[in-house]
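Worksheet for the structure shown next.
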Amino acid sequence: MTYHKAKKVVIIAEKMLSDKICKIIDASGARGYTVVPAGGRGSHHKHYTSERASVVDDFSTVRIEVIVRDKSVAEKIGNEVVEECFKNYSGIVYLEEVEILRPAKFNGE
Amino acid sequence: MTYHKAKKVVIIAEKMLSDKICKIIDASGARGYTVVPAGGRGSHHKHYTSERASVVDDFSTVRIEVIVRDKSVAEKIGNEVVEECFKNYSGIVYLEEVEILRPAKFNGE
Amino acid sequence: MTYHKAKKVVIIAEKMLSDKICKIIDASGARGYTVVPAGGRGSHHKHYTSERASVVDDFSTVRIEVIVRDKSVAEKIGNEVVEECFKNYSGIVYLEEVEILRPAKFNGE
């Protein structure tokens, strides 16, 4: 099997923004995404403290990752998430290079 | 300390495939792997909806990552997971470049 | 919007080390970090088994990621975590290249 270059977009955001972010991803043509429970600290977040609260209770954030073949699609997802979701809420977006198998499973056009 | 180039394999799969995937990783010579609970949507997945189901209940997927020093070992893990696990189940595999400390902790030969 | 190169540090460690690791990150000047519950197997970890224990109960590890603009800051965080936390406990650190939006949100000087 052959590995193909692709772009991963990672979005870390408050859980309440998940639906809005997933709609942006769906509209981009991406075929899927992965959501992981997350906590942490950002510019506006409270500090994560394992002593004060159970770590499990503190996962009020999500880490969403999506892979698309086309860099411009990845950048568009990132731009839209920042513009539509992060004006009033904290969160970050970043891109990474990845290599994928079975590229037909990743659309993004 | 010096950072050394290595390859990370990320596998996103249904939780019921975890044991099979971990056996493939162990057989590759990799010294360890990390498993994170995940949800999301793929070609065959249901749509993730934070309104309809608790996010915690929806984590029926796992995100497994493993780092090996040798690119060919990484590719072999990816190929075997796709061939042995993803014929009948949805899932994805991708590779990334990473830089590691203490390379002796990562085998993969 | 423009994407800017940055470095991501990923630390996988026992949950009990979280506070110590987060203090190292805070002291580096980084503006935030993301924590995800994790399990798995390392050189000194027990084998992850979905048959013997609930996957949720097995997440006694954390996966912490932090993004900084400056490679030397990323390397310093990695070095300090290994030196101060991983003498007596297992864990790994790795770096990755990422591209970020709004670089002012990521300090790291």
Side-chain angles (χ1 to χ4, degrees), chain A residues 1-11 13-39 54-69 74 94-108, chain B residues 5 7-15 34-65 71-87 89-99:
Chain A
M1 280 183 285
T2 311
Y3 287 83
H4 302 260
K5 291 210 169 183
K7 276 277 180 185
K8 180 169 72 163
V9 187
V10 178
I11 300 151
E14 295 184 37
K15 201 192 284 182
M16 59 176 295
L17 295 169
S18 305
D19 282 350
K20 198 168 181 182
I21 293 167
C22 293
K23 275 176 197 147
I24 292 170
I25 294 170
D26 287 340
S28 77
R31 296 280 301 278
Y33 47 82
T34 302
V35 183
V36 159
S54 132
V55 171
V56 171
D57 293 340
D58 200 35
F59 292 135
S60 56
T61 306
V62 286
R63 182 187 184 282
I64 301 173
E65 62 178 52
V66 52
I67 292 174
V68 292
R69 298 191 65 187
Y94 61 85
L95 308 187
E96 287 183 332
E97 294 280 349
V98 299
E99 290 168 88
I100 54 168
L101 290 172
R102 305 182 299 166
K105 287 183 79 75
F106 303 87
N107 194 10
Chain B
K5 292 211 167 179
K7 278 277 181 186
K8 180 169 72 164
V9 187
V10 178
I11 300 150
I12 293 161
E14 294 183 38
K15 201 191 284 182
T34 302
V35 183
V36 159
R41 188 177 69 82
S43 329
H44 304 293
H45 280 269
K46 283 197 299 182
H47 199 296
Y48 160 90
T49 309
S50 61
E51 290 167 350
R52 264 176 277 161
S54 135
V55 171
V56 171
D57 292 341
D58 200 37
F59 292 135
S60 55
T61 307
V62 286
R63 183 188 184 279
I64 300 173
E65 61 179 52
K71 187 187 171 186
S72 66
V73 175
E75 291 180 346
K76 187 166 175 283
I77 293 171
N79 290 344
E80 287 184 16
V81 168
V82 168
E83 282 161 11
E84 295 177 28
C85 302
F86 294 165
K87 290 265 191 273
Y89 297 98
S90 55
I92 62 166
V93 172
Y94 60 86
L95 308 187
E96 288 183 330
E97 293 279 348
V98 299
E99 291 168 86

Q | Side chains of A:Y33 and B:I12 in contact at under 4.5 Å (non-hydrogen atoms) | A |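 Answer no - side chains too far apart.
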Q) Step by step, would you call B:E83 with B:K87 a salt bridge (charged side-chain N to carboxylate O under 4.0 Å, His left out)? A) CA-CA 6 Å; B:E83 282 161 11; B:K87 290 265 191 273; over 6 Å; no
Q) Is it the backbone or the side chain of B:E75 that comes under 4.5 Å from a heavy atom of chain A, or both, or neither? A)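 For B:E75, the contact with chain A is made by backbone and side chain together.
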Q.
Within the 3.5 Å criterion, strictly below it, is a donor on B:Y94 or A:E96 matched to an acceptor on the partner's side chain?
A.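 No, no side-chain donor-acceptor contact under 3.5 Å.
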(Q) Set out, in order, the CA-CA distance, both residues' side-chain angles and the distance that settles side-chain contact (heavy atoms from CB on, under 4.5 Å) for A:I25 and A:I11, then state yes or no. (A) CA-CA 11 Å; A:I25 294 170; A:I11 300 151; 4.3 Å; yes
(Q) If we define contacts as heavy-atom pairs under 4.5 Å, which of A:E97, A:H4, A:K8 has the most with chain B? (A)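 Option with the top pair count is A:K8.
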(Q) So which residue, A:V98, A:I64, A:I100, ends up with the most heavy-atom pairs under 4.5 Å with chain B? (A)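 Sorted descending by pairs with chain B, the first entry is A:V98.
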Q.
Using heavy-atom distances under 4.5 Å, tell me whether A:I67 contacts chain B through its side chain, its backbone, both, or neither.
A.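 For A:I67, the side chain is the part near chain B, not the backbone.
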